[in-house]
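A quick write-up on the structure given underneath.
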Amino acid sequence: MYKLMAIDFDGTLLFTDDIVSDSFRYMFSYYNFPPVSDERIRQTFGGLMIDEITTLKNEYNIKANPEEMLAVYRSYHGDHFEEKIRLFD
């Protein structure tokens with residue numbers, strides 16, 4: 001008998017690319033990041049969010065705290081999650 005069932009939610013049951021991309025774009029705008037391509041944002045998918053944000057911060061030489069940046073990302077993500085996700089067809 002199994003006591004635990006794990007399900008990969010993002011990108012498996014639900015299409016979440018739009019909310020992730022939009023959350024990154026909001027965070028970039030909030031911190032006055034230079035524009036970042038969709039392809040570069042997609043390269044962050046699957047990694048730990050704090051690690052990906054730290055990498056982008058360093059890559060673009062942004063003087064901001066990654067933890068605060070993550071809080072901005074999560075705030076937007078949480079506020080817009082339901083309107084930006086959909087089931088896979």
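Since we're looking at a predicted model, the values are computed, not measured.
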* Asked: Do S23 and F81 have side chains that get closer than 4.5 Å, going by heavy atoms?
  -> no
Return all side-chain donor-acceptor pairs below 3.5 angstrom for residues 65-73, not counting sequence neighbours, or 'none' if the list is empty.
{"from": "N65", "atom 1": "OD1", "to": "E67", "atom 2": "N", "distance (Å)": "2.6"}
{"from": "N65", "atom 1": "OD1", "to": "E68", "atom 2": "N", "distance (Å)": "3.2"}

* Applying salt bridge (Lys or Arg N to Asp or Glu O under 4.0 Å), which residue pairs with at least one partner in residues 36-45 are found, sequence neighbours left out? -> R25-D38, E39-R42, R40-E59
* Asked: Do I41 and F28 have side chains that get closer than 4.5 Å, going by heavy atoms?
  -> yes
* Just wondering, more than 12 heavy atoms not from E82 lying within 6.0 Å of its CD? -> no
* V36 and F24: CA distance, side-chain angles, deciding distance, side chain to side chain contact (heavy atoms under 4.5 Å, CB included) verdict -> CA-CA 9 Å; V36 177; F24 267 112; over 6 Å; no
* **Nearest atoms (heavy-atom pairs only) where D18 meets K84** => CB-O, 3.9 Å
* Can you tell me how far CG of N61 sits from CG of L56, rounded to the nearest 0.5 angstrom? -> 13.0 Å
* To do: Grab the two heavy atoms, one from I50 and one from T54, that are nearest each other, plus how far apart they are.
  => O-OG1, 2.8 Å
* Given the rule in the side chain to side chain contact (heavy atoms under 4.5 Å, CB included) test, do Y30 and S75 qualify, once you have shown the distances and angles that lead to the verdict? -> CA-CA 12 Å; Y30 185 90; S75 175; over 6 Å; no
* **salt bridge (Lys or Arg N to Asp or Glu O under 4.0 Å) contacts in which one or both residues fall within residues 44-55, not counting sequence neighbours** => none
* Give a yes or no on this: more than 12 heavy atoms of other residues, nucleotides or ligands lie within 6.0 Å of atom OH of Y31. => yes
* Asked: So how far is it from I53 CD1 to N58 CG, rounded to the nearest 0.5 Å?
  -> 12.0 Å
* Over all atoms of both residues, closest heavy-atom pair of F33 and K57 -> CZ-CA, 4.5 Å
